[in-house]
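Worksheet: the structure to be examined is printed underneath.
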Amino acid sequence: MKNYHLINNGKAMSTLDSFKVFNPSTSELIAEAPKATLDELNTIIQSARDTFPQWSSLAYSERQNYINKIADVLEQNSEEIATIITKEQGKPIGATLGSMFEIGGAVAWTRYTATLEMPVKILQDDENGRVELHRRPLGVVASITPWNWPVLIAIWHIIPALLSGNTVVCKPSPYTPLSTLRMIELMNSVLPKGVINSVTGGDELGAALSNHSDINKIVFTGSTATGKKVMSSAADTLKHLTLELGGNDAGIVLPDCDPEAIAPGLFWGAFINNGQTCAAMKRLYVHRSIYDQVCESLTNFAKNIKVGDGFEEGAELGPVQNKMQFDIVNRLVTQSVEQGGKVLLGGPLDNPKDLFFPITLVAIEDNQNPLVQNEQFGPALPIIPYDTVEEAIAMANDNDAGLGGSVWSTDKAKASSVAARMECGSVWINKHGAVQPNSPFGGTKSSGLGVEFGEEGLLANTNIQCILS
Ligand code: NAD
């Protein structure tokens with residue numbers, strides 16, 4: 001079994017205590033991960049703090065070079081990292097949207113972010129004076145990540161924070177700490193010591209980071225319930241926050257669609273990473289005139305998708321990552337059927353023996369059904385008919401979440417007018433969840449605060465300083 005270490009100030013750091021990490025496909029123990037104490041956490045934060053003056057005073061172009069070196073080292077080691085992701089997260093290694101895709105996305109994101117510039121803005125320059133708007137780094141940024149896309153989401157946090165001159169402490173989910181630990185180790189082979197550090201352990205470390213006086217910003221991706229706790233404990237020290245929280249994205253299919261043509265896009269929009277994706281489609285609204293055909297096309301497409309161990313040839317989807325999430329999915333599907341839902345494929349399990357949940361499609365009339373109103377974060381999609389577009393928009397917006405949404409139509413202008421009325425941060429047309437590094441991404445309502453990606457995401461790691469002369 002490989003040994004995993006924390007990285008503090010460029011060096012491996014061992015801890016006395018450890019916790020077990022399991023493969024969700026086989027339930028086998030993969031490794032023991034270091035369990036840091038609060039004292040060890042303080043030491044790690046101090047390293048990041050001590051390194052900040054030196055890292056922040058480098059020329060921006062020097063940091064851009066370092067970010068490109070990160071992309072190189074991750075790319076050179078992508079198979080090793082993808083293997084760890086598949087072992088601890090479960091997503092298939094070779095699938096179209098599997099762990100090689102995740103590490104490929106992380107490399108591409110890193111390279112793209114390195115191209116972003118942060119020029120000084122001249123707001124005034126005339127006989128009355130000159131005003132320059134500068135962007136200054138915040139200090140130490142703490143990244144707290146979930147277990148669904150452990151490497152890609154950490155990259156979304158780390159790269160813009162480093163590029164803009166901050167030093168970083170990363171705390172991955174206790175379910176999937178290993179790929180992050182290895183990634184931070186690799187980053188340290190090309191970065192000055194202390195710039196990027198890792199800490200693993202239980203949820204209490206996240207809470208300690210949120211109210212630590214030496215952390216200047218928390219970038220948090222996870223559930224809405226935990227995000228609220230982070231926000232409240234960050235209040236004392238007035239931390240900057242980016243909160244990427246839960247989603248319950250709606251897709252709206254307009255009556256002009258060809259059901260067979262859109263079935264693959266609808267399926268992958270909902271079932272990417274087995275539905276364990278913040279911006280996956282989690283509710284599908286279909287015009288009644290083509291409802292039966294869409295249900296049938298989607299069911300036919302879904303029947304041919306192979307679910308299995310991530311190292312099995314041809315597996316496109318893996319298990320649910322952990323028992324807690326598995327039970328949420330099974331409970332919501334069970335309740336949906338008890339409250340009138342009709343199973344088209346898959347369905348609830350009476351005596352589950354492992355973490356493999358069948359791909360499930362449920363036809364539902366009532367928008368208040370639990371599988372519609374709650375985030376399932378797993379492989380189960382409710383499909384709801386509507387009669388008028390007004391009704392579809394009202395049902396889509398009748399939810400606390402507001403992360404993403406999609407509209408499906410052959411008429412782009414009509415789709416755009418529906419998109420404009422959806423209460424969410426990103427709306428895709430004829431696709432769903434296709435995040436990209438140049439398009440700022442974030443939630444409205446209970447789905448979060450602030451955005452990541454692009455210039456706006458980069459600037460979220462800075463303070464404004466104006467120099468007036
Ligand atoms: P979670 O909230 O349980 O955990 C997320 C992280 O927070 C973990 O690292 C955990 O250890 C840490 N944590 C737990 N308690 C904490 C506390 N009190 N203070 C600080 N940190 C604490 O979420 P999860 O189950 O790992 O992830 C699933 C959720 O994440 C889903 O709701 C999903 O929609 C959401 N998500 C959102 C996005 C997005 O971009 N909006 C992306 C991915 C996942």
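Bear in mind that the values here come from a model prediction, so they are computed numbers and not experimental data. Below, each value reflects all heavy atoms present in this structure, side chains not excepted, and no hydrogens, waters or symmetry copies. Whatever order the structure lists ligands and atoms in, that order sets their numbers, starting from 1.
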Honestly, for E375 the part within reach of ligand 1 (heavy atoms, under 4.0 Å) is side chain
Closest non-hydrogen atoms of P382 and V372, given as atom of the first, atom of the second and distance, are CB-CG2, 3.9 Å
Shortest non-hydrogen pair, A315 vs D309, comes out as CB-O, 3.6 Å
Logged contact type for W149 with ligand 1, heavy-atom cut-off 4.0 Å, is neither
Between K229 and ligand 1, is there a nitrogen or oxygen pair with a distance under 3.5 Å? no
With heavy atoms and a 4.0 Å threshold, my read on which part of P146 contacts ligand 1 is both
Of G201, G247, S223, the one whose closest heavy atom lies nearest atom 29 (C) of ligand 1 is S223
Under 4.0 Å between heavy atoms, the region of F377 that gets near ligand 1 turns out to be side chain
Donor on one side chain, acceptor on other, T242 and E452, under 3.5 Å
no
Between the side chains of W408 and S406, does any donor sit under 3.5 Å from an acceptor? yes
Min over D203, N148, T176, L403 of heavy-atom distance to atom 10 (C) of ligand 1 lands on D203
Checking heavy atoms under 4.0 Å, the part of L209 that sits near ligand 1 is neither
Looking only at non-hydrogen atoms, the one of N322, V435, T221, T226 nearest atom 5 (C) of ligand 1 is T221
Fill in: Any N or O of M324 closer than 3.5 Å to N or O of ligand 1
no
message: Less than 3.5 Å apart, any donor N or O on the side chain of N9 or Q46 sitting next to an acceptor on the other?
response: no
Between H212 and N42, does any side-chain donor sit less than 3.5 Å from a side-chain acceptor?
yes
inquiry  = Can you confirm whether the side chains of T37 and E40 place a donor and an acceptor under 3.5 Å from each other?
reply    = yes
Checking heavy atoms under 4.0 Å, the part of A279 that sits near ligand 1 is neither
